[in-house]
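In this text the structure is predicted, and so the values were computed from the model without any measurement.
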Amino acid sequence: MIGVNLGEDPETVRRFARKLEIPFPLLLDREGESPRLFGLWAHPNTVLIDRKGRVIGLVRGERDWQSEAARVLVRQLLQGER
């Protein structure tokens, strides 16, 4: 899992990640290319990409990715790729 930050400077992103204790890497998209590449127009979004780099799902809006339902979904997606 990775996060993508749009347009902010690295130190702002580092402070944000520390404050929220984000356990995954955050990439910086200073030019704002990622929304165009994935056809996104609002924030937040979750793009699920398989091990071969294919988009296999898109979730628009905020979700609780620590819920049991989300964990089951991710487990199923990972198992289906073997």
Side-chain angles (χ1 to χ4, degrees):
M1 173 181 281
I2 62 169
V4 179
N5 177 276
L6 298 175
E8 292 183 289
D9 65 274
E11 187 52 38
T12 300
V13 175
R14 276 192 281 277
R15 283 194 310 268
F16 175 80
R18 277 194 300 266
K19 180 179 179 183
L20 295 182
E21 299 178 0
I22 295 175
F24 49 83
L26 293 176
L27 303 180
L28 303 179
D29 180 0
R30 289 188 178 191
E31 305 300 320
E33 292 292 316
S34 56
R36 182 184 57 76
L37 292 171
F38 291 102
L40 308 174
W41 61 85
H43 303 293
N45 293 284
T46 301
V47 180
L48 302 170
I49 301 171
D50 70 9
R51 288 183 173 101
K52 295 179 182 173
R54 298 176 299 202
V55 175
I56 58 171
L58 172 62
V59 179
R60 297 187 191 284
E62 196 169 319
R63 297 290 188 272
D64 178 4
W65 288 105
Q66 294 189 28
S67 71
E68 185 56 30
R71 291 172 190 265
V72 168
L73 172 64
V74 171
R75 270 190 233 111
Q76 289 173 342
L77 290 171
L78 290 173
Q79 290 172 353
E81 289 195 33
R82 295 178 193 263

Legend entry - side chain to side chain contact (heavy atoms under 4.5 Å, CB included), paired with Val47, selected from Val4, Val55, Leu37: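 Output: one option passes, namely Val55.
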
Inset, instruction - Check Glu33, His43, Glu31 against Leu6 for a side chain to side chain contact (heavy atoms under 4.5 Å, CB included) and give me the one that passes. - result: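 When side chain to side chain contact (heavy atoms under 4.5 Å, CB included) is applied between Leu6 and each of Glu33, His43, Glu31, only His43 qualifies.
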
Legend entry - CD-CG distance between Glu62 and Asn45, expressed to the nearest 0.5 angstrom: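 Glu62 CD to Asn45 CG: 11.5 Å, rounded to 0.5 Å.
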
Inset, instruction - Calculate, to the nearest 0.5 Å, the distance between atoms OG1 and CG belonging to Thr12 and Asn5 respectively. - result: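 Nearest 0.5 Å value for the OG1-CG distance: 8.5 Å.
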
Inset, instruction - Step by step, work out the side chain to side chain contact (heavy atoms under 4.5 Å, CB included) result for Leu26 and Arg14. - result: CA-CA 9 Å; Leu26 293 176; Arg14 276 192 281 277; over 6 Å; no

Legend entry - Sub-4.5 Å side-chain heavy-atom contact between Asp29 and Pro35: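 Side chain of Asp29 against side chain of Pro35, heavy atoms only: contact under 4.5 Å found.
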
Legend entry - Contact check, side chains of Leu28 and Pro10, non-hydrogen atoms, under 4.5 Å: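 Answer yes - side chains close enough.
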
Give me the atom names and distance for the closest heavy-atom approach of [X] to [Y].
X     : Y     : answer
Lys52 : Asp50 : N-OD1, 2.9 Å
Ile56 : Leu77 : CD1-CD2, 4.0 Å
Phe24 : Ile2  : CD1-C, 3.9 Å

Legend entry - CD (Gln66) with more than 12 external heavy atoms under 6.0 Å: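 At most 12 heavy atoms, drawn from other residues, nucleotides or ligands, come within 6.0 Å of this atom.
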
Legend entry - Stepwise side chain to side chain contact (heavy atoms under 4.5 Å, CB included) test for Trp65 and Thr46: CA-CA 10 Å; Trp65 288 105; Thr46 301; 3.2 Å; yes

